[in-house]
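Okay, so here's the structure we're looking at.
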There are 2 protein chains.
Amino acid sequence: MRTERLPTLEDVAREAGVSRATVSRVINGIRNVDPQLHEVVWDAVGRTGYVPNRLARSLVTRRTGTVALVVSDSETHDDDPFMGRFFADPYFGRVVGGLMSVLRGQGVQLALQIVGTDDGRKRLVGDLRNGQADGAIVLSLPAVDPLPRMLTEGGVPAVLIGRPAEPVPIDYVDLANDTGAALAAEHLLTRGCQRIGMISGPADVPASSDRIAGFRRSLARRGHGWVPTETGNFTRDSGEIAMRDLLAANPQLDGVFVANDLMALGALAALRSAGRDVPGDVAVVGFDDSSAAVAASPALTTIRHPLEDMAAEAARMLLARIEEPAMRVASVIYEPALIERGSA
Amino acid sequence: MRTERLPTLEDVAREAGVSRATVSRVINGIRNVDPQLHEVVWDAVGRTGYVPNRLARSLVTRRTGTVALVVSDSETHDDDPFMGRFFADPYFGRVVGGLMSVLRGQGVQLALQIVGTDDGRKRLVGDLRNGQADGAIVLSLPAVDPLPRMLTEGGVPAVLIGRPAEPVPIDYVDLANDTGAALAAEHLLTRGCQRIGMISGPADVPASSDRIAGFRRSLARRGHGWVPTETGNFTRDSGEIAMRDLLAANPQLDGVFVANDLMALGALAALRSAGRDVPGDVAVVGFDDSSAAVAASPALTTIRHPLEDMAAEAARMLLARIEEPAMRVASVIYEPALIERGSA
DNA sequence: GGGGGATTGGAGAGCGCTTTCCGAGTGTTA
DNA sequence: TAACACTCGGAAAGCGCTCTCCAATCCCCC
């Protein structure tokens with residue numbers, strides 16, 4: 001039962017016949033302790049089954065051994081189904097996996113925090129400043145999010161995954177989204193596509209606008225100054241609708257770049273029901289190389305996003321920043337790669 | 001910068017001209033405080049920008065407002081790629097989403113803990129007993145895992161997702177895996193399948209053995225006493241291999257139940273390259289109704305697993321148990337449903 | 001043999017908060 | 001007016017730990 005008192009440092013000290021301070025030193029591996037006492041103390045620890053109380057320790061050391069994974073959302077409704085979608089998406093899991101691969105080895109824990117309101121953000125920053133966690137990895141979803149700035153101003157060590165929408169002196173890792181989109185453009189061109197369209201994500205989120213810009217720029221360089229575009233919201237269904245619209249407006253379309261795999265899945269469905277063969281009639285290139293890409297049929301040609309590596313790097317950067325808060329603000333940009341499968 | 005001291009209760013008290021105790025009472029909404037003082041105190045809180053320090057509070061209240069999500073794994077290698085797979089799988093995300101849907105409303109945080117070794121488990125239980133978190137939601141992966149028992153013996157409030165492999169007096173939520181598998185059997189039979197096979201998961205994990213048992217039992221009742229079976233490990237590739245083997249040994253196969261969608265994806269690929277039409281030649285039923293099921297082609301007929309609801313219920317159960325540790329041990333079993341799509 | 005330096009263990013002051021215990025003030029009744 | 005019950009705010013004792021001082025011990029060198 002929870003009720004029985006757990007042994008404390010005091011108990012161990014009594015058992016070992018030394019002072020609390022000595023036990024603390026032994027446990028934390030500080031020298032200046034007679035090897036003989038050392039052994040006596042460890043014996044006592046074993047006998048009492050002592051486990052240090054992290055809370056109490058953190059209170060004085062100002063270190064928790066925890067980093068927060070903050071998902072910053074712009075809450076529409078409180079029971080917004082979006083969050084459910086977000087977690088079910090492999091994106092979230094891949095980030096967690098990447099973070100854990102680094103954190104775990106360092107004995108650092110991950111605490112999940114979701115904030116949807118400005119009030120929530122304020123409380124979060126307050127808690128972090130109070131040493132709730134040593135730092136934060138931030139997944140910022142809204143197009144414009146005050147959180148990154150709040151964090152830096154609060155002096156909270158933090159690393160963003162994905163560049164901030166507005167310039168803020170904060171560490172981040174990101175993907176060269178524009179290069180990735182350019183890769184898609186090159187590929188469609190190389191395949192001989194003449195009428196190329198695009199299904200983009202919301203124009204105000206950085207990852208999305210970078211993909212739009214990269215794709216257009218690359219195409220413009222090869223003489224395609226005009227790219228018919230429909231906008232989706234990164235869900236499967238929005239991709240299906242966008243594809244239908246795009247096709248209606250541009251019946252001769254023979255190639256399309258879809259800004260993520262989930263929407264590409266929808267696009268595939270729309271093309272199928274429009275009787276177009278993929279890649280025969282229309283070539284499709286996705287983005288992310290998510291598990292959906294392999295499951296699709298035809299399997300999606302897509303742009304690989306080394307999300308696990310990026311998250312791992314973010315974790316390393318955060319750990320470094322925690323260690324050395326004055327470090328220069330840094331960013332690491334990853335290069336995407338084209339993965340050729342069946343759809344283009 | 002992190003260095004500047006944050007306002008403490010003491011500072012607020014000084015600012016308001018009252019004692020620490022009074023401020024504490026006001027903040028925690030305890031009556032017995034003059035409404036006038038009440039206001040004075042909140043003013044002072046606002047002026048100083050005070051945020052209570054959770055750590056310090058937890059130390060004395062023995063409540064953290066945090067629950068741990070424990071993933072208990074049987075570590076093969078330390079840099080086991082399995083964990084990466086696990087997180088990328090929608091399973092993990094769906095659980096997190098379900099938990100958060102309940103926890104978030106209660107202002108409870110989720111701390112992710114991964115343990116792979118017995119030593120890690122011991123440390124974890126010690127930390128939990130010390131009040132690192134108020135309770136734990138446990139995802140137990142290994143076939144036989146000492147953790148559930150350790151948790152109950154340590155008096156740590158905990159709820160398992162998926163029944164324990166060996167009987168332990170611990171709360172859990174689970175899916176009626178056997179019923180789900182029976183549903184799959186019925187469906188294949190109803191379709192008129194005569195030669196039915198199965199691709200199962202590892203026989204020693206409960207979810208898997210329940211599916212095997214449910215499927216066999218249901219089929220046996222309808223005269224199919226023998227079900228050719230291949231075993232996979234829940235990954236796509238293992239499903240592909242298993243399907244190939246199953247087909248080689250049973251060329252006349254016309255129906256197969258695959259114990260999860262991921263393996264079913266592999267099975268589909270194997271069938272395709274063997275030149276079998278799905279569902280024309282061979283009908284395929286998956287399990288989980290994961291996002292992969294929709295992406296597959298043909299889309300998978302599968303067994304729906306209300307994982308989000310289960311996780312949400314687990315969260316509620318845990319919260320209840322934390323509130324009332326002496327409560328009777330409970331379990332909640334969810335009923336699966338057949339989702340008919342293209343593959344069967 | 002005595003003084004200086006190095007080494008080691010212990011006492012105790014907090015970290016920021018909650019909460020019990022008391023005393024002081026207020027109102028009510030005889 | 002005195003006695004009593006009640007309400008409300010403050011002093012202070014911890015929660016379990018770390019770490020700075022400081023005292024005690026030991027060794028070496030002159």
Side-chain angles (χ1 to χ4, degrees), chain A residues 2-42 44-45 48-65 126-132 134, chain B residues 2-42 44-45 48-66 126-134:
Chain A
R2 196 114 205 190
T3 47
E4 91 214 11
R5 226 177 95 280
L6 259 42
T8 76
L9 208 54
E10 182 82 51
D11 299 322
V12 179
R14 197 174 317 113
E15 178 81 21
V18 297
S19 80
R20 266 198 342 275
T22 304
V23 178
S24 175
R25 280 195 207 94
V26 169
I27 286 179
N28 295 301
I30 294 177
R31 51 180 185 302
N32 287 7
V33 175
D34 186 318
Q36 211 153 350
L37 262 190
H38 210 271
E39 203 151 318
V40 172
V41 169
W42 276 119
V45 168
T48 54
Y50 171 73
V51 178
N53 183 321
R54 283 184 171 238
L55 252 56
R57 178 180 288 178
S58 295
L59 188 57
V60 30
T61 59
R62 262 90 223 301
R63 272 302 193 83
T64 59
D127 280 349
L128 289 174
R129 301 222 304 162
N130 263 325
Q132 165 91 294
D134 298 335
Chain B
R2 196 108 204 200
T3 47
E4 91 212 12
R5 226 178 95 281
L6 259 43
T8 75
L9 209 54
E10 182 84 49
D11 298 321
V12 178
R14 197 175 316 115
E15 178 80 20
V18 297
S19 79
R20 273 205 326 280
T22 303
V23 179
S24 174
R25 278 193 284 260
V26 169
I27 286 178
N28 294 302
I30 294 177
R31 57 190 177 298
N32 286 9
V33 175
D34 187 318
Q36 210 153 353
L37 262 190
H38 210 272
E39 202 152 319
V40 172
V41 169
W42 277 119
V45 168
T48 53
Y50 170 73
V51 178
N53 183 319
R54 283 183 170 240
L55 252 56
R57 179 179 288 178
S58 296
L59 188 57
V60 31
T61 59
R62 264 91 222 300
R63 271 303 193 83
T64 59
T66 297
D127 280 349
L128 289 174
R129 302 223 304 160
N130 263 324
Q132 165 91 294
D134 299 335

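Keep in mind that what you see is a predicted model, and the values were worked out from it rather than measured. Proteins come first, then strands; the chains are lettered A, B, ... in the order of their sequence lines, and each starts at number 1. Just so you know, these numbers use all the heavy atoms, side chains as well, and skip hydrogens, waters and symmetry mates.
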Inset, instruction - Summarise how protein sits on nucleotides 15-26 of chain D as a single string, 5' to 3': B when a protein heavy atom is under 4.0 Å from the base, S for sugar-phosphate-only contact, - for no contact. - result: BBBBBB------
Inset, instruction - Output all residues satisfying side chain to side chain donor-acceptor pair (under 3.5 Å) with B/Glu39, sequence neighbours left out; order by chain, then residue number. - result: none
Inset, instruction - Search all heavy atoms of B/Gln132 against all heavy atoms of B/Thr64 and return the closest pair with its distance. - result: O-CG2, 3.7 Å
Inset, instruction - For B/Val26 and B/Trp42, work out which heavy atoms get closest and say how close. - result: CG1-NE1, 3.5 Å
Legend entry - Shortest non-hydrogen separation from B/Asn130 to A/Val51 and the atoms involved: ND2-O, 2.8 Å
Legend entry - side chain to side chain donor-acceptor pair (under 3.5 Å) partners of B/Arg63, counting only residues at least two apart: B/Glu323
Inset, instruction - Could you note down all residue pairs passing salt bridge (Lys or Arg N to Asp or Glu O under 4.0 Å) where residues 48-62 of chain A supplies at least one of them, sequence neighbours left out? - result: A/Arg54-B/Asp127
Inset, instruction - Using the test salt bridge (charged side-chain N to carboxylate O under 4.0 Å, His left out), find all partners of B/Arg20 that sit at least two apart in sequence or belong to another chain. - result: B/Glu10
Legend entry - Overall bend - the helix from C/dG1-D/dC30 to C/dA30-D/dT1, comparing terminal axes fitted on five pairs, nearest 10 degrees: 60°
